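Shown next, in structure tokens, is the structure this report addresses.
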2 protein chains.
Amino acid sequence: MSEGKRSAGRPRDAEAAGTIKAATLKLVRERGYEAVSIAAIASEAGVARQTLYNRWNTKADLVLDAVFEETGRYASAPLNDPTQTSRMQLERFLVQVFEHLAENGSTIRALIAAAQENNGFREIFRKHFVNPREEIVTDLLKRAQERREIGQDCNINILSSFVHGAFWYALLNGDTLDKDFARNIADEIFRSDRKSSGQG
Amino acid sequence: MSEGKRSAGRPRDAEAAGTIKAATLKLVRERGYEAVSIAAIASEAGVARQTLYNRWNTKADLVLDAVFEETGRYASAPLNDPTQTSRMQLERFLVQVFEHLAENGSTIRALIAAAQENNGFREIFRKHFVNPREEIVTDLLKRAQERREIGQDCNINILSSFVHGAFWYALLNGDTLDKDFARNIADEIFRSDRKSSGQG
DNA sequence: TATATTATTAGACTACCGTCTATTAATCCG
DNA sequence: CGGATTAATAGACGGTAGTCTAATAATATA
């Protein structure tokens, strides 16, 4: 269903999307989300503003597409390493996420803000950004449960929302997200006593 | 230092602040944060726009002041009830917060968004909204630790960020915040095994 | 009373978002 | 080739936030 027949009419400029995303990436990295206007991106890309709106609904949709195209890629591969304890896998995942955030944290904050102001974008953001990352942690916790590293009666979804919530909360409140924080989260999730109970 | 000497110049209209906050409260409740403009508030209050900006820096500051004047009041009193388990106190606190959120959740979400787009407001919001609420949970957990309801070696700050993070995360992602969620959070924080370890 | 000082008001101003329109360009199909 | 159709472009448009200015009003002080 991706290309199909190009029924009729002038076709879209095949290069425009790439050019626009490159311009977006460049400007957002240089100046930050808030300081970049749609007009500036269009100008940098050498297209009319409408060409942008033909492809993305809002600035937030465009930036999500341009800056986080690699969604889910950065964390999936190195994580499922059965030779490591789940606690260590979680800590390493969080360190990785926090390093990513040091570069893109302000953009992510802006997108979270945009998601609050725009219902359409909230769903897009959730589907393309939030859910994939949540799944990584949920899967990790499920494996941990299978390996008896946490109790069978633990509520995986709640623990997952503890993990994600903790760093959203820190991110949005301007706290520092460092290795200590990653270790403390992993410690508290995988307390030695957490694996002691029931068999589910 | 509150009134001091009114050195010179025309004094501020003593009633204006109240009138403006009342108008803000009314319109935000009726239409929601995004749909209310500063111009509409000024018009409703019967003052010029500048009179608003003489008192608050941004729409977010005004709304925080108007809608959440009672910050910290709604939850502090009934919470410290030593006849209840700490787990129960936490669950009741969360239920109370979630009920409050059912009414004001969308405004809070808008303010969290505004805090991402405005550094000045982020600090105000943190000081007047986030920190007082965080302290309630931190205090509750400290008392729980004194009463040996959780382990002496638990990291109170991390547990507190689990609790707050969990509902921020749910709130910002449009999840439902119900009694089950409150119970599940309290259950997972106060797992029976969490109190089993070290003496700090 | 006269002066300095501050508040209020109306309205101009810049900058932005997202929509819309009219014109021109590129393609398909008969 | 000649319509039909869709894209790209330039620019107008309405709505909003927050700043700024000029005129007027209210107060303290000399």
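As the structure is a prediction and not an experimental result, all values here were calculated from the model. In what follows, every chain begins at residue 1, and chains take the letters A, B, ... in the order their sequences are listed.
- OP1 or OP2 of C:dC17 sits under 4.0 Å from a side-chain N or O of A:K59.
- For A:P11, whose side chain is taken as the heavy atoms from C-beta onward, the closest listed nucleotide among D:dT9, C:dT9, C:dA26 is C:dA26.
- Atom CG of B:N57 and atom P of D:dG18 are 9 Å apart (whole Å).
- Straight-line distance from the CG atom of B:D13 to the P atom of C:dT9: 7 Å, rounded to whole Å.
- The closest side-chain donor-acceptor pair between B:Q50 and B:N54 falls under 3.5 angstrom.
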Verdict with reasoning, A:H128 to A:F125, per ring pair (Phe, Tyr, Trp, His ring centres under 6.0 Å): CA-CA 5 Å; A:H128 288 87; A:F125 185 66; 9.8 Å; no

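- Nearest heavy atoms, A:E134 versus A:S160: CG-OG, 3.6 Å.
- Ring geometry for B:F181 versus B:F98: interplanar angle under 30°, hence parallel rather than tilted (30 to 60°).
- Among the nucleotides C:dT6, D:dA17, C:dA10, the one closest to any side-chain atom of B:S37 is D:dA17.
- Below 30°, between 30° and 60°, or above 60°: for B:Y169 and A:W168 the angle between ring planes is above 60°, a perpendicular geometry.
- Phosphate contact (OP1/OP2 of C:dT8, side-chain N/O of B:R55, threshold under 4.0 Å): present.
- Regarding B:I38, its CD1 atom lies at a distance of 19 Å from the P atom of C:dG11, rounded to whole Å.
- Checking the phosphate oxygens (OP1, OP2) of D:dA8, a side-chain nitrogen or oxygen of A:N54 falls inside 4.0 Å.
- Distance B:Y53 OH to C:dA7 P: 18 Å, rounded to the nearest Å.
- Side-chain N/O atoms of A:R49 and base N/O atoms of C:dT19 include a donor-acceptor pair closer than 3.5 Å.
- Note: CZ (A:R12) to C1' (D:dT5) measures 14 Å, nearest angstrom.
- Atom pair B:Q50:CD and D:dG18:P shows a separation of 12 Å (rounding to whole Å applied).
- Atoms CD (A:E15) and P (D:dA7) sit 18 Å apart, rounded to a whole Å.
- Phosphate contact (OP1/OP2 of D:dT9, side-chain N/O of A:T51, threshold under 4.0 Å): present.
- The distance from atom CH2 of B:W56 to atom C1' of D:dT19 is 18 Å, rounded to the nearest whole Å.
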